[in-house]
Q: 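First, the structure itself, so that you have it in front of you.
Basis for what follows: all heavy atoms, side chains included, without hydrogens, waters or symmetry-related copies. Along the sequence shown, the residues carry numbers beginning at 1.
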Amino acid sequence: MYHYYATYKTSARDAPAGIFVMDVAGGHAMLWDHWAGAWVYDPALVVRFLDDHRNEDRQRTIDRETAERITPGITGGEKLPDEDTIAWVFRWEGRPPQGD
């Protein structure tokens, strides 16, 4: 089961600025990287953000439907990956073997 998080620039939570997808049991996480313009596998960064008490008001847990709805506004049009694609990224920890 995946957990989805919307992140915000401020505690006012006006508009989501980021999105995380986590598999808590497996220790996996990915996020939309604005600099790279792509989804990246980075569980350490996601955990640091979520565990930082200074970010408590800048995040909220959301369901898959909400994540699908808000993702294009965060990514500039890119959709949230389907759960099969997320599973594939998590399986290879963001670094698939050559040819796969």
Side-chain angles (χ1 to χ4, degrees):
M1 178 177 181
Y2 300 127
H3 298 268
Y4 301 88
Y5 297 87
T7 63
Y8 301 85
K9 290 183 181 181
T10 69
S11 60
R13 295 185 182 178
D14 294 331
I19 188 157
F20 302 152
V21 181
M22 288 190 76
D23 172 2
V24 177
H28 302 290
M30 60 190 278
L31 66 141
W32 178 257
D33 183 327
H34 292 279
W35 292 103
W39 291 97
V40 297
Y41 180 86
D42 196 340
L45 176 61
V46 172
V47 169
R48 273 195 315 273
F49 183 91
L50 294 175
D51 285 350
D52 188 331
H53 69 88
R54 295 170 295 183
N55 295 326
E56 287 177 5
D57 293 338
R58 296 181 46 225
Q59 61 176 303
R60 73 179 173 107
T61 304
I62 57 176
D63 59 22
R64 170 88 193 179
E65 182 180 325
T66 302
E68 288 174 337
R69 183 174 40 79
I70 68 171
T71 295
I74 294 167
T75 64
E78 184 78 24
K79 293 181 180 180
L80 181 68
D82 62 50
E83 292 196 344
D84 288 338
T85 301
I86 293 168
W88 185 86
V89 170
F90 288 174
R91 175 181 173 208
W92 296 110
E93 297 181 351
R95 296 180 311 270
Q98 287 293 67
D100 190 23

Q: CG/Leu45 to CZ/Arg48 distance, rounded to the nearest 0.5 angstrom?
A: 5.0 Å

Q: Which pair of heavy atoms, one from Gly18 and one from Ile74, lies closest together, and at what distance?
A: O-CD1, 3.5 Å

Q: Using the side chain to side chain contact (heavy atoms under 4.5 Å, CB included) definition, which of the options Ile70, Asp63, Val21 pairs with Tyr4?
A: Val21

Q: List the atom of Gln59, the atom of Phe49, and the distance in Å for their closest heavy-atom pair.
A: CB-CE2, 4.1 Å

Q: By salt bridge (Lys or Arg N to Asp or Glu O under 4.0 Å), which residues pair with Asp52, not counting sequence neighbours?
A: Arg54

Q: Compare every heavy atom of Met22 with every heavy atom of Phe90, then report the nearest pair and how far apart it is.
A: CE1-C, 4.2 Å

Q: List the atom of Arg60, the atom of Arg13, and the distance in Å for their closest heavy-atom pair.
A: CB-NH1, 3.8 Å

Q: Please determine whether residues Phe20 and Val47 belong to a single hydrophobic cluster, defined as Ile, Leu, Val, Met, Phe, Trp and Tyr linked transitively by side-chain heavy-atom distances below 4.5 Å.
A: yes

Q: Rounded at 0.5 Å granularity, tell me how far CD in Glu93 sits from CG in Asp42.
A: 11.5 Å

Q: How far apart are the closest heavy atoms of Leu80 and Ala67, and which atoms are they?
A: CD2-CB, 3.7 Å

Q: State, with a plain yes or no, whether a side-chain heavy atom of Thr71 is found less than 4.5 Å away from one of Trp32.
A: no

Q: Mind checking the OG1-NE2 spacing from Thr75 to His34? Nearest 0.5 Å is all I need.
A: 8.5 Å

Q: Looking at Tyr8, is its backbone amide N or carbonyl O close enough to the side chain of Arg58 to form a donor-acceptor pair, meaning the two atoms are under 3.5 Å apart?
A: yes

Q: Side chains of Asp82 and Trp88, heavy atoms from C-beta outward: is any pair under 4.5 Å?
A: no

Q: Mind running salt bridge (Lys or Arg N to Asp or Glu O under 4.0 Å) on Glu65 and Arg69 for me, showing each step along the way?
A: CA-CA 6 Å; Glu65 182 180 325; Arg69 183 174 40 79; 6.0 Å; no

Q: Does the side chain of Tyr2 come within less than 4.5 Å of Glu83's, by heavy atoms?
A: yes

Q: Measure the shortest side-chain to side-chain distance between Leu31 and Val40 over non-hydrogen atoms and say whether it is less than 4.5 angstrom.
A: yes

Q: Under the 3.5 angstrom rule, does the side chain of His28 hit a backbone N or O of Ile86 as a donor-acceptor pair?
A: no

Q: So which heavy atom on Met30 is nearest to which on Trp39, and how close?
A: CE-CB, 3.6 Å

